[in-house]
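Below: one structure, written as C-alpha cells.
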Amino acid sequence: MTLKVHNTLTRDKEEFIPLDPPKVGMYVCGITPYDETHLGHGRAYVTFDVIRRYLEYSGFEVTHVQNVTDIDDKIIKKSREFRVTSHELAEKYTQSYFEVMDKLNVKRATIYPKATEHIEEMVGWIDGLIKKGFAYQLEDGVYFEVDKFEDYGKLSGKRKEDQESGARVEVKSGKKSPLDFSLWKKAKEEEPSWPSPWGEGRPGWHIECSVMSTKYLGEQFDIHGGGLDLEFPHHENETAQTEAFTGKVPWVKYWIHNGFVNVNRQKMSKSLGNFFTLKDVFEQFDPMVVRLFLLSTHYRSPINYSDVELSAAKEAYGRIVKFIEDIDFRLKKTTERASEIELEDIEEELGHFPDKLKASMDDDFNTAGAVGAIFEAIKFCRKTLGDGDVERECLETMKKTIIEMCEVLGLKVASRESRVTSHEIEKLIKEREAARKNRDFKRADDIRKQLAGQMIELEDTPHGTKWKAQA
RNA sequence: GGCGCGGUACCCAAGUGGUAAGGGAGCUGUCUGCAAAACAGUUAUGCGGCGGUUCGAAUCCGCCCCGCGCCUCCA
C-alpha cells in the first residue's frame with residue numbers, strides 16, 4: 001500500500017515520496033497570536049496533526065515546524081488597545097493556543113520559531129533579493145517585484161495578467177505592479193521596529209515563512225501546509241521569493257491545504273465575525289468530540305459547524321467510549337477462560353478493520369473513511385460478543401485494536417470519570433443487586449433514582465450491573 | 001472579470017468505472033422486573049438536471065441549474 005497525497009501544486013493526487021526517506025520535513029503556517037484560537041484554527045491544526053501522526057505511524061520521521069507570527073499590524077493595533085507590548089500580547093495568545101491544542105490532542109511541533117527571533121536572517125534575505133534584482137525600495141519599505149519571477153502564479157493557478165484587471169486587487173501608488181508585495185515595512189511612529197539597511201521597521205508577512213522554513217528544514221523540503229485561504233497570496237508569494245532567493249526549484253514538493261469551517265454555509269472568519277473560539281466550544285462539547293467532528297469530513301472539503309452536527313459527533317464518540325468501558329467491565333467480570341469464542345476464531349476478521357483504516361488514510365488522509373472503519377470494527381466486536389462467552393484474550397485484543405485505530409487519528413478514549421467515589425457506588429449497587437434478587441424492585445428503583453440524582457447511570461447486563469457518570 | 005471547490009437518504013458523510021461504508025435521527029423487532037445498552041431489520045432501484053460514451057456510470061465526457069471559496073487580513 002502506498003500513501004497518496006493531494007498536491008495543490010499539481011492539483012493531483014500523487015504518491016508520497018519524501019526527498020530523503022524516511023525523513024519528512026513539514027512546515028505548517030501557524031497563527032498570528034492576536035486573539036483567541038477558533039474552530040477554524042482547530043480544523044487546520046487537527047488536519048496537520050493527523051497527517052503528521054499518520055506519517056509517523058507509516059514509519060516516517062517527521063520534523064514538524066510551525067511558525068508564530070508574533071509581529072504584524074493586527075498585533076500592534078490590539079496591543080495598543082490593551083496597553084501592553086506586542087510581545088506580551090503575542091505571548092498571551094500563544095499560550096492560549098497551546099492550551100486548546102493540547103486539549104484537542106494536537107502533538108506539539110518539533111519547533112515553533114517566532115518571527116521576531118529571526119529578523120536578522122530576514123534582513124539578510126531581503127538584502128539578497130534586492131541584490132539579485134527581485135526587489136526594490138520605495139519610501140515606505142521594500143517590495144518584491146512579481147514580474148521578475150517568471151513562475152509567479154504556479155501554485156494558485158492565477159495568472160498575473162488576469163489579476164491585474166481584477167476587481168479586488170490592491171491599489172497602491174508607487175509599486176511597479178499591484179501584485180508586488182511587501183518584504184520590509186518601515187516603522188511609523190511608535191511602532192515596534194528593528195534596524196535594517198532600509199531604516200527601522202518590521203518584516204512583511206510572507207518573508208518569515210521562507211526564512212524560517214528553510215532555516216529549519218533546508219532549502220527544499222517535503223510538505224508545506226496551511227488553510228486554503230493561505231494559498232493565495234501568502235503561499236504564492238512565499239514560493240516566489242524563496243525560489244528567487246535560493247534558485248532551487250521546487251522549494252516545496254507537496255503543498256497541502258485544508259478546507260474551511262463554515263457557519264450557515266459561510267466561511268468562519270475573523271472578518272465576518274462569525275467565529276466560535278475553541279474555549280467556548282469546549283464549554284459545551286468535549287475536545288475529543290470536536291476532534292471526531294473535524295475528522296468525520298475529508299480535510300479538503302468544507303465542514304459546517306452546527307449544534308446538531310456536534311451533537312451527532314458527541315453520540316458517535318460516546319459509542320466508542322462505551323465500547324471500551326463495556327470491554328473493561330467484561331474483563332473485570334471474566335475470571336475463567338470461557339472459550340465458546342476464541343481469539344483465533346476472530347483474529348483474521350478483526351484484522352480487516354485496521355487494514356481498512358490504513359487504506360483510507362493512504363488515500364490522501366481520508367479520515368472519514370478511517371472513522372467508518374472504527375465503527376465497523378466496533379460493530380463486529382459487539383456482534384461477536386453477543387454470540388457467547390468470550391476468551392479473555394479476545395476481549396483484550398478487541399480493546400487493543402480499537403484503541404490503536406483511534407490513536408492513529410489522535411482520538412483519546414479515556415473512560416468517563418465520576419465525581420463520586422466508586423466505593424460508595426459499588427456499595428449501593430451491591431445493595432440494589434440484593435434487592436433485585438429478592439424482587440424488591442421498589443428498593444432497586446429507589447437506588448437507581450438516588451444515583452441518577454448524582455449523575456450516575458446504572459446499566460444492568462448479563463454480567464452484572466455497570467455504572468457510569470452521565471456525559 | 002479571472003481561477004478553483006462542491007451538490008450522495010430526514011441530517012452529516014465516505015465512495016471517482018463493477019452494482020450505494022459509517023455516524024446521527026426515526027420506526028419495528030429481539031433481549032429485559034423496570035430502565036438503558038447492544039444487536040437485527042427498516043428509511044436512496046438511486047447519487048442536482050438533461051444528454052452522451054460503455055457490457056456496466058454516483059464515478060468518464062458535454063451542456064445546464066444551484067451553493068461556496070480565493071483574487072484584501074484570514075487556518
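Treat the numbers as computed from the prediction; the structure is a model and nothing was measured. Order of the sequence lines sets the chain letters (A, B, ...), proteins ahead of strands, with each chain counted from 1.
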Exercise for review: Heavy atoms under 4.0 Å is the rule here; annotate nucleotides 8-16 of chain B 5' to 3' with B where the base is hit, S where only the sugar-phosphate is, and - elsewhere.
Suggested key: ----SSSS-
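- Residue order along RNA chain B, read from the 5' end via each residue's closest nucleotide, puts A:A312 first among A:H38 and A:A312.
- Remark: A:E459 does not engage A:K468 in a salt bridge, criterion side-chain N to carboxylate O under 4.0 Å.
- The CD atom of A:E315 sits 14 Å away from the C1' atom of B:rG26 (whole-angstrom rounding).
- Here B:rG22 is the nucleotide among B:rG24, B:rC34, B:rG22 with the atom lying nearest to any side-chain atom of A:K379.
- Between the P atoms of B:rC12 and B:rG18, the separation comes to 26 Å (whole Å).
- The side chain of A:K74 sits closest to B:rC73 out of B:rA75, B:rC73, B:rG33.
- Atom CG of A:D460 is separated from atom P of B:rA38 by 15 Å (rounded to the nearest Å).
- Among the atoms of the strands shown, only primed sugar atoms or phosphate atoms (P, OP1, OP2) are found under 4.0 Å from some heavy atom of A:F375.
- Counted by atom type alone, A:N67 and A:E208 present one or more donor-acceptor pairs between their side chains at under 3.5 Å.
- Taking the C1' atom of each, B:rC73 and B:rG69 are spaced 16 Å apart, rounded to whole Å.
- A:R202 has a carboxylate O that lies under 4.0 Å from a charged side-chain N of A:E191, or vice versa, which qualifies the two as a salt bridge.
- Here the nucleotide nearest the side chain of A:R436, chosen from B:rA75, B:rA37, B:rG33, is B:rG33.
- A:K466 comes within contact range of no nucleotide atom at all, as no heavy-atom separation falls under 4.0 Å.
- Taking atom C1' in both B:rA21 and B:rC47, the straight-line distance is 14 Å, to the nearest Å.
- Phosphate contact (OP1/OP2 of B:rC70, side-chain N/O of A:K267, threshold under 4.0 Å): present.
- The C1' atoms of B:rU30 and B:rA14 are separated by 30 Å, rounded to the nearest whole Å.
- Side-chain to base pairing of A:D73 with B:rC73: no donor and acceptor N or O lie closer than 3.5 Å to each other.
- In this structure, A:N262 atom CG and B:rC68 atom C1' are separated by 7 Å, rounded to whole Å.
- Put simply, the side chain of A:K158 and the base of B:rC70 share a donor and an acceptor less than 3.5 Å apart.
- Proximity of A:R265 to the phosphate of B:rG69: no side-chain N or O atom is located under 4.0 Å from OP1 or OP2.
- Using cut-offs of 30° and 60° for the angle between ring planes, the A:H224 and A:W251 rings count as perpendicular.
- Stems are defined here as 3 or more consecutive Watson-Crick or G-U wobble pairs with pairing distances under 3.5 Å; those involving RNA chain B are B:1-7 with B:65-71, B:10-12 with B:22-24, B:25-30 with B:38-43, B:48-52 with B:60-64.
- Using a 4.0 Å heavy-atom distance criterion, A:I374 is classed as making no nucleic acid contact.
- The aromatic rings of A:Y54 and A:F365 lie perpendicular to each other, with more than 60° between the two planes, well past the 30° mark.
- One cannot find a donor-acceptor pair under 3.5 Å joining the base of B:rG2 and the side-chain atoms of A:R159.
- In this structure, CE of A:M361 is placed 20 Å from P of B:rG22, rounded to the nearest angstrom.
- A:K185 NZ to A:D140 CG: the interatomic distance, rounded to the nearest 0.5 Å, is 9.5 Å.
- Distances from the side chain of A:R382 to the nucleotides B:rC73, B:rA75, B:rC39 place B:rC39 closest.
- Residue A:G259 is classed as a base contact, given a heavy-atom separation below 4.0 Å to a base.
- Using a 4.0 Å cut-off between charged side-chain N and carboxylate O, A:R300 and A:D364 make a salt bridge.
- Closest to the side chain of A:E376, out of B:rG69, B:rC39, B:rG22, is B:rG22.
- Of the charged side-chain nitrogens involved, at least one lies within less than 4.0 Å of a carboxylate oxygen, so that A:E36 and A:K279 count as a salt-bridged pair.
- Using a 4.0 Å cut-off between charged nitrogen and carboxylate oxygen, A:D460 and A:R432 count as a salt-bridge pair.
- Nucleic acid contact for A:G386: none, since no nucleic acid atom lies under 4.0 Å from a heavy atom of the residue.
- Taking for each of A:R11 and A:R43 the nucleotide of RNA chain B with the nearest heavy atom, the 5'-most of the two is the partner of A:R11.
- For A:K77 and A:Y34, the positive end is not near the middle of the six-membered ring at less than 6.0 Å and at most 45° from its axis.
- The pair A:K160-A:E150 does not meet the salt-bridge criterion, since no charged nitrogen lies less than 4.0 angstrom from a carboxylate oxygen.
- The distance from atom CD1 of A:I456 to atom C1' of B:rA35 is 16 Å, rounded to the nearest whole Å.
- Checked for salt-bridge contact, A:D49 and A:R108 miss the test: no charged N lies under 4.0 Å from a carboxylate O.
- For the P atoms, the distance from B:rU42 to B:rC50 is 28 Å, rounded to whole Å.
- On the P atoms, B:rG6 is 23 Å away from B:rC10, given to the nearest whole Å.
- Within 4.0 Å of A:V261, counting heavy atoms only, lies at least one base atom of the nucleic acid.
- Only the P atoms considered, B:rG22 is 31 Å distant from B:rG33, to the nearest whole Å.
- Counting atom types as modelled, A:R432 pairs a side-chain N or O with a base atom of B:rG33 as donor and acceptor under 3.5 Å.
- Nucleic acid contact class of A:T461 (heavy atoms, under 4.0 Å, all strands): none.
- Distance A:F323 CZ to B:rA37 P: 17 Å, rounded to the nearest Å.
- In this structure, A:F232 atom CZ and B:rG4 atom P are separated by 14 Å, rounded to whole Å.
- In the set B:rC71, B:rG69, B:rG33, B:rG33 carries the atom at the smallest distance from any side-chain atom of A:R439.
- Within the 4.0 Å cut-off from OP1 or OP2 of B:rC5, not a single side-chain nitrogen or oxygen of A:R300 is found.
- Comparing the P positions of B:rU59 and B:rG46 gives an interatomic distance of 15 Å, to the nearest angstrom.
- Across all strands shown, A:F260 has heavy atoms under 4.0 Å from base atoms, whether or not it also approaches the sugar-phosphate.
- If you take CD1 of A:I320 and C1' of B:rG22, they are 11 Å apart, rounded to a whole angstrom.
- Note that CZ of A:R80 and CG of A:L89 are 12.5 Å apart. Values are rounded to the nearest 0.5 Å.
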